[in-house]
Number of protein chains: 2
Amino acid sequence: MRDVAALAGVSIKTVSRVVNNEAGVAEGVRIRVQEAAARLDYRHNLAASNLRRGRGLSGLIGALLQDVSNSFSAALLRSLEDAARDRGSAILSASLDEEPERERALVHDLVTRRVDGLVLMPSTDRQDYLSSEVRAGLPVVFVDREPRGVAADSVTVENFEGARMGVEHLLAQGHRRIACLTDLDEIYTARRRREGYVAAFEARGIRPDPALTISGVRGAGAGEAAVADLLDRADPPTALFAGRNDLAQGAIRALQRRGQSDAIALVGFDDFPLADLVSPPLTVVRQDVARIGRLTADLLVARLDGDDSPPHRIVVEPTLVVRGSGEIPPPH
Amino acid sequence: MRDVAALAGVSIKTVSRVVNNEAGVAEGVRIRVQEAAARLDYRHNLAASNLRRGRGLSGLIGALLQDVSNSFSAALLRSLEDAARDRGSAILSASLDEEPERERALVHDLVTRRVDGLVLMPSTDRQDYLSSEVRAGLPVVFVDREPRGVAADSVTVENFEGARMGVEHLLAQGHRRIACLTDLDEIYTARRRREGYVAAFEARGIRPDPALTISGVRGAGAGEAAVADLLDRADPPTALFAGRNDLAQGAIRALQRRGQSDAIALVGFDDFPLADLVSPPLTVVRQDVARIGRLTADLLVARLDGDDSPPHRIVVEPTLVVRGSGEIPPPH
DNA sequence: CATGGCCTTGACAACGTTGTCATCGGACAC
DNA sequence: GTGTCCGATGACAACGTTGTCAAGGCCATG
């Protein structure tokens, strides 16, 4: 800026005015400055500008999701990005991979970078560590999992009810030996879905075979292995409930590999691209990602614009999408 | 920092020393400062620190991809993120959606934010506008598409050769009426794939029916419609070559809807999750996303670490993954 | 011609940090 | 006791901006 000012024969402050398109600069001067800036390849320094200007605002929004390469997180990230773009903010994204330590480290990093707001799909069990930030005015919106130990907005899905619905769908067709695959029980959504599975049975006054409840299944590969193991048993399940899209995918792979896709019913939680194209098409409990993304972005934007009402807790109802895999009847 | 200094009864500079874990601070003082910082919820300001410290470095890496919700971009983003994490950098990501104007605007924004490096999957035809940045020392690595009008590293796939291989696979089985679906011809990768399609024919001394070459197909929905239209014709194709994963998905949907999945051969370009689970399993020309991501990250990191050798141009060879859909023979 | 007001411009300080250098006090050697 | 050196600490300027305020020039008005 100093160089531009020198070349244009004006003060630094005038360059600043031109750069910021402020009124009150003579047209000739404005042009001279712009030419000087162009000749010198001058680039405005947003960090310095924000430092001087704002109550520590950075025009950055942090998005800490579980894994940006997973279709759910990726779609969410995209929604946030679109909302951020409208406000001229940029998105700092990172993946947590269910690692609590990484969450804490990344939140700290983002705070240090003075993000204006934060979207968090937490991997920690409790987020007390966040309360000082929130108290200091950092807008945080939780997505997919509710906050614990800190008061913040959240957009979540009725995991319990969704799972119950999916499992009831299988029960209604006469299945009783229904296996349940879920991720680590420490993960809130996984736990709730497992509980929904149990509740569906209990609503009918029966109990699921505990041997068929497999939790702690991490990723598609583990899902495939778990299903393969189930099918090897003397008394295998007649239906499967997969508590997450990657587990459903693993299950499909295992079933296809054994040619049992059309023999064993399968209901997945969380829809994904192409779920309608596999064979048989996958029946799922769908959480509307686009809607979740929009709601999350809206909440955050409202906070960024100064809304300081008490935390909102939005719960989105999932829906059952019937496609075929979940309607396979039990043997005779 | 001033407040912490006051509370601890030391100078600002000493606080700075403690915060940065510098040697030469008496143990008692260090502890006093840390306690004061904790009590006041002091948070280091990385922007100010970088401003003062560094040759304008920000610890940020920009990633401008086509669409972070698309599996290819998302996987790439994830690779970059992992590489960035190792260096303590954060990733600023954004989607270009093939819009040249957005690319220019976002590059400008990132430059203004002083990113230390940039990964770009360009949507512009030429990137002359970048040359002043590159000259000024901004490390830029192009991915998926080569730079034009600017000298920069790139990691791309042999699109021409890959497409030729995929189409030759169909020709070898006797198909002659092979339709070709590609995105806008302005998109380099789309154009190269279409050219590879033609080349496969020409290598056998024949010419494809121009009526079967459909370009400008944007997205899965358009792909589905285009295939539906092709199949409605009096003289429909016996095989399809889909120039991108979303077009292949649209094609699968169209074929399934008409019950022709097992009658018409299909080869796609770019593998995707579950391509092995659709029916019939999809034969694809696979570009190794993980490898591309790693190479891209490595190039960028080398540049960030000061490598100033001439631009590297890495071309990854795609491979044909035979799964079934591409091996359906032509009628009789 | 004096006055007032507007428009344009620039000097200066400040945003939150850190590099440089100077100062101070004490330990140590002689 | 003197000199030297070292470790601990702080004052100050600077990173690249912009808000504040004042100054200067011009024009219109009376």
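Just so it is clear, the values below take in all heavy atoms, side chains as well, and ignore hydrogens, waters and symmetry mates. Order of the sequence lines fixes the chain letters, A, B, ..., with proteins taken first and strands second; residue numbering starts at 1 for each chain. No experiment lies behind these values; they were computed from the predicted model shown.
- A donor N or O paired with an acceptor N or O is found under 3.5 Å between the base of dG10(C) and the side-chain atoms of Arg17(A).
- Taking atom CD1 of Ile31(A) as the reference point, atom P of dT8(C) lies 14 Å away to the nearest angstrom.
- Listed nucleotides: dG16(C), dT9(D), dT17(C). Nearest to the side chain of Val29(B): dT9(D).
- No engagement by Val19(B) is indicated, since no non-hydrogen atom pair under 4.0 Å with the nucleic acid exists.
- Between Ser11(B) and the phosphate of dG10(D), there is a side-chain N or O to OP1/OP2 separation shorter than 4.0 Å.
- Within the structure, a side-chain polar atom (N or O) of Arg53(A) is placed less than 4.0 Å from OP1 or OP2 of dT18(D).
- Spacing between atom CD of Glu22(A) and atom P of dG10(C) amounts to 14 Å, rounded to whole angstrom units.
- Counting only heavy atoms from C-beta outward, the side chains of Leu64(A) and Val119(A) never approach each other to under 4.5 Å.
- The side chain of Ser49(A) approaches dT17(D) more closely than any other nucleotide in the set dG16(C), dT17(D), dG16(D).
- Contact annotation: Asn20(A) reaches the phosphate of dT18(D) (side-chain N/O to OP1 or OP2, under 4.0 Å).
- Side-chain contact annotation: Ser123(A) with Arg104(A), donor-acceptor N/O pair under 3.5 Å absent.
- Protein atom CG of Leu57(A) is 13 Å distant from nucleotide atom C1' of dC15(C), rounded to whole Å.
- Rounded to whole angstrom, the span from the CD atom of Glu27(B) across to the P atom of dA8(D) amounts to 10 Å.
- Candidate nucleotides dG16(C), dT17(C), dT17(D) were compared by shortest atom distance to the side chain of Asn45(A), and dT17(D) ranks first.
- When the side-chain nitrogen and oxygen atoms of Ser16(A) are compared with OP1 and OP2 of dT17(D), none of them lie within a distance under 4.0 Å.
- The number of heavy-atom neighbours closer than 6.0 Å to CZ of Arg126(A), taken from other residues, nucleotides and ligands shown, is above 12.
- Residue Ala26(B) is the one, among Ala48(B) and Ala26(B), whose nearest nucleotide of DNA chain D lies closer to the 5' end (criterion: closest heavy atom).
- Along DNA chain C, the nucleotide nearest Arg2(B) and the nucleotide nearest Lys13(A) are compared for position; the residue whose nucleotide lies closer to the 5' end is Lys13(A).
- The closest side-chain donor-acceptor pair between Glu103(B) and Tyr129(B) falls under 3.5 angstrom.
- Nucleotide dG16(C) holds its C1' atom 9 Å from the CG atom of Leu51(B), rounded to whole Å.
- Residues Leu77(A) and Ser93(B) share a closest heavy-atom pair of CD2-OG, 4.3 Å.
- Residue Leu46(A) is classed as having no contact, given no heavy-atom separation below 4.0 Å to the nucleic acid.
- Distance CZ (Arg43(B)) to P (dG16(C)): 15 Å, rounded to an integer number of Å.
- Interface remark: the Arg52(B) side chain does not form any donor-acceptor pair with the dT17(C) base, using a distance-only criterion of under 3.5 Å.
- Between the CG atom of Asn21(B) and the P atom of dT17(C) there is a distance of 16 Å, rounded to whole Å.
- Taking atom CD1 of residue Ile12(A) and atom C1' of nucleotide dG16(D), one finds them 8 Å apart after rounding to whole Å.
- Environment of CZ in Arg313(B): sparse, with no more than 12 heavy atoms of neighbouring residues, nucleotides or ligands closer than 6.0 Å.
- Between Thr14(B) and dT9(D) there is no side-chain polar atom (N or O) within less than 4.0 angstrom of OP1 or OP2.
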